[in-house]
2 protein chains.
Amino acid sequence: MDRAACERLDRADPLRALRAQFELPEGIVYLDGNSLGALPKATARRVGDAIRGEWGRGLIRSWNDAGWIDLARRVGDDLAQLLGAGRGQVVVGDSTSVNLYKVLSVAADLQCKDRPSARVLLSERSNFPTDLYIAESVAAQRGLELLLVEHDALLAALGPHVAAVLWTHVNYRTGRMLPMAEVNRAAHAHGAAVVWDLAHSAGAVPLALTGAADIDADADFAVGCGYKYLNGGPGAPGFAWVHPRHLRRLEAEGGRQPLSGWMGHAAPFAFEPGYRPADGIQRFATGTPPVLALRALECGVATLAAAGPAGGMAAVRAKSVALTDLFIRLVEDRCGGCGLTCITPRRPEERGSQVSLVHPHAFPVMQALIARGIVGDFRADPDGAAGSGILRFGFTPLYTQFADVWAAAEQLAEVLSTEAWRDPRYAQRGAVT
Amino acid sequence: MDRAACERLDRADPLRALRAQFELPEGIVYLDGNSLGALPKATARRVGDAIRGEWGRGLIRSWNDAGWIDLARRVGDDLAQLLGAGRGQVVVGDSTSVNLYKVLSVAADLQCKDRPSARVLLSERSNFPTDLYIAESVAAQRGLELLLVEHDALLAALGPHVAAVLWTHVNYRTGRMLPMAEVNRAAHAHGAAVVWDLAHSAGAVPLALTGAADIDADADFAVGCGYKYLNGGPGAPGFAWVHPRHLRRLEAEGGRQPLSGWMGHAAPFAFEPGYRPADGIQRFATGTPPVLALRALECGVATLAAAGPAGGMAAVRAKSVALTDLFIRLVEDRCGGCGLTCITPRRPEERGSQVSLVHPHAFPVMQALIARGIVGDFRADPDGAAGSGILRFGFTPLYTQFADVWAAAEQLAEVLSTEAWRDPRYAQRGAVT
């Protein structure tokens with residue numbers, strides 16, 4: 001494999017035309033779409049029109065005339081197609097953390113009602129911390145125990161004592177992906193509800209939340225993030241999905257989620273003093289929708305919908321596997337003996353769309369790479385040795401090229417072999433490390 | 001009083017130059033800034049720069065390089081100046097409803113600890129419904145009773161059984177303003193905590209949340225909205241304020257708010273599995289900050305800061321009182337016998353910056369006004385007769401002119417006297433009414 005071979009792969013790539021949807025700065029290989037997706041070309045104009053036209057000229061009338069009041073539902077329906085979910089099952093708005101609080105609270109409340117002796121919320125110790133912090137809160141409010149186990153012990157930790165499990169489909173640290181259908185079956189066999197965090201899988205891997213085509217069948221609840229592979233912009237709204245069987249039950253029992261704001265009311269503009277939840281997923285809405293941010297997210301979701309004619313999420317996934325596989329092989333070939341440990345599974349079905357490498361000096365190594373135009377990111381490894389940490393490389397099939405993978409591996413090999421990372425400039429940390 | 005006199009008032013207005021900060025469509029008198037503030041001229045460019053420059057070119061690096069990570073705190077500190085609060089006391093982000101859930105939960109939890117026999121959350125029956133729906137949830141989670149009383153019965157309903165009170169400073173329906181300092185004193189005399197919703201007062205009336213200058217002293221908690229008088233754009237982030245004595249206590253006791261996401265952690269980038277709340281107001285933050293929306297809100301808050309040299313919030317308030325007083329007098333003079341009832345107090349110290357008129361055919365009356373370029377809004381009156389409702393007119397001193405008030409009163413008189421509202425076009429309702 002050489003650079004020319006990578007360029008041939010790019011020319012043969014059925015998704016190659018989709019890269020033109022993005023503004024990508026010159027001289028940068030951007031491998032951090034797993035943290036902040038790149039800017040779609042349509043976004044600045046769409047948001048500008050929303051500001052100058054809908055807000056500036058339409059003013060309050062735009063709630064009706066520009067369809068602001070239905071915007072979150074429309075974006076939710078667009079997004080549902082990427083998640084293998086149905087219309088009216090996804091609500092968009094609020095942060096991922098807030099969405100998780102809503103669905104995990106409902107999951108726990110339904111379980112407390114049905115299985116009062118199941119007193120454990122189960123999650124993974126290396127889950128993204130905000131999930132664990134929110135789960136702590138949900139557990140404490142109900143007198144439940146939050147039990148955190150290592151990744152490999154998840155299935156073994158299931159049992160009749162488990163009320164609900166909170167898994168992240170693709171781990172932010174390792175890039176490891178769980179077999180969703182298998183995990184759902186195992187948890188359901190014990191009566192537990194399963195809440196999925198799709199932050200690192202929505203827009204990156206095919207999903208079939210409601211169950212279809214042998215993939216990822218029959219989940220219970222899910223949340224996810226708008227600003228990673230969905231390209232919705234920094235701090236974009238998150239989303240929540242609830243299986244129709246739970247929506248029907250909530251309707252039948254008058255069940256509510258704790259953040260019962262006016263946008264989740266059956267008739268928000270009747271201004272009734274008492275809460276009556278809306279039907280379906282709408283009861284998971286809370287406050288006034290963030291219109292400008294939704295306009296940006298709408299453009300981000302559209303960049304993935306545009307992959308439809310080229311094979312949709314299956315084609316995105318095929319390219320993702322090829323990109324990550326190439327990177328792992330190139331790093332093995334070129335950086336052997338440089339102190340790197342790949343913590344992302346080599347089996348494609350066990351990983352998402354990122355590759356994570358541990359190095360004893362990961363922070364300055366990543367800074368040196370960024371200075372050379374290879375933009376990945378660094379994550380602290382709370383379990384690692386002092387100074388050690390994780391180099392994360394995210395591969396976004398819509399805009400990452402095989403030639404980018406080549407360039408990244410080449411620069412990484414150079415930074416490590418020349419020890420360029422020892423330059424004191426690369427030790428300087430910002431507020432966000 | 002005639003149109004020429006109104007124009008003289010505009011020429012003498014010390015705030016007149018501030019209108020140039022806004023994009024205001026030709027041919028419209030916009031009297032709905034109490035629902036959605038007008039677009040500041042700076043916003044489209046600022047948000048466009050954030051999209052194209054900070055996001056598009058800076059990509060992930062902008063968390064440090066563009067100061068995204070501190071943006072919510074900086075906007076919070078800017079906003080604190082308008083609220084008579086100190087630096088490090090205001091957190092910006094999430095919807096008003098979500099912010100209310102956080103602070104009301106903490107208020108209730110502190111009270112349950114200190115005064116376990118106080119089992120009532122007290123609010124006003126005509127409070128904005130999302131506040132009541134959230135309060136229902138907070139009460140139900142703790143086995144408390146949510147007691148709703150009429151406005152005039154608020155103070156009389158206080159007693160040792162009341163844990164916390166949730167008041168809206170300026171009522172969305174009537175425009176009536178509560179005497180904040182007096183209410184705080186009365187509630188504190190009974191040991192209750194006071195949570196204020198400042199949705200209709202932040203940016204409209206002077207506030208001194210931490211106590212100063214004989215106004216609005218010594219509140220406990222507050223939340224508010226970014227898209228009304230703060231001109232932050234549709235669905236702008238809301239905010240929460242907590243008195244420093246409660247922040248210190250939370251620090252001392254390790255207290256937390258229920259939406260304990262990673263941005264409220266003491267060290268979010270250490271990725272620790274257990275939650276340790278940040279000091280001060282930061283523990284009230286939850287998820288990743290909505291950067292683009294914060295850039296818009298920053299511009300909105302700046303439009304009010306710009307009033308500083310002309311007298312600041314005191315000058316804004318003086319003009320607000322003059323505008324609302326003029327409108328009430330003109331409506332009385334010119335619309336007598338037309339079936340209007342003014343439900344906004346005539347005493348300036350008892351009202352905010354809006355005037356509300358009840359009419360038996362309020363919906364088509366407002367539609368006829370909008371068709372004539374006078375944009376106020378309609379609110380259903382759940383307590384009124386069938387068909388009856390509220391015409392709301394909001395007066396935003398930064399851009400509303402005395403001549404606008406004249407035009408609004410003139411058109412209202414004409415719509416009513418000619419019964420122009422009977423045109424069937426004006427009965428058509430959108431999703432948002």
- Query: In residues 47-54 of chain A, which residues are in contact with chain B at a heavy-atom separation under 4.5 Å?
  - Reply: A:V47, A:I51, A:R52
- Item | Side chains of A:L132 and B:Y275 in contact at under 4.5 Å (non-hydrogen atoms) | no
- Closest-packed option against chain B by number of heavy-atom pairs under 4.5 Å, given A:G287, A:A236, A:G33, A:G58: A:G287
- Query: Among A:D94, A:L259, A:T286, A:T288, which one satisfies side chain to side chain contact (heavy atoms under 4.5 Å, CB included) with B:S97?
  - Reply: A:T286
- Mind checking whether B:F128 and A:W262 have parallel, tilted or perpendicular rings, split at 30° and 60°? perpendicular
- Task: Could you tell me if the ring centre of B:F269 sits under 6.0 Å from that of A:F378?
- Result: no
Non-hydrogen atoms of chain B under 4.5 Å away: do they reach the side chain of [X], the backbone, both or neither?
{"X": "A:L146", "answer": "neither"}
{"X": "A:A140", "answer": "neither"}
{"X": "A:S260", "answer": "both"}
{"X": "A:I370", "answer": "side chain"}

- Go through the atoms of B:R276 and report whether side chain, backbone, both or neither lie under 4.5 Å from a heavy atom of chain A. neither
- Should we count CZ of A:R142 as having more than 12 external heavy atoms under 6.0 Å? yes
- Message: Which residues in residues 35-45 of chain B have any heavy atom closer than 4.5 Å to a heavy atom of chain A?
- Response: B:S35, B:L36, B:G37, B:A38, B:L39, B:P40, B:T43, B:A44
- Task: May I ask you to say whether B:E23 pairs ionically with A:R57, meaning some side-chain N is under 4.0 Å from a carboxylate O?
- Result: no
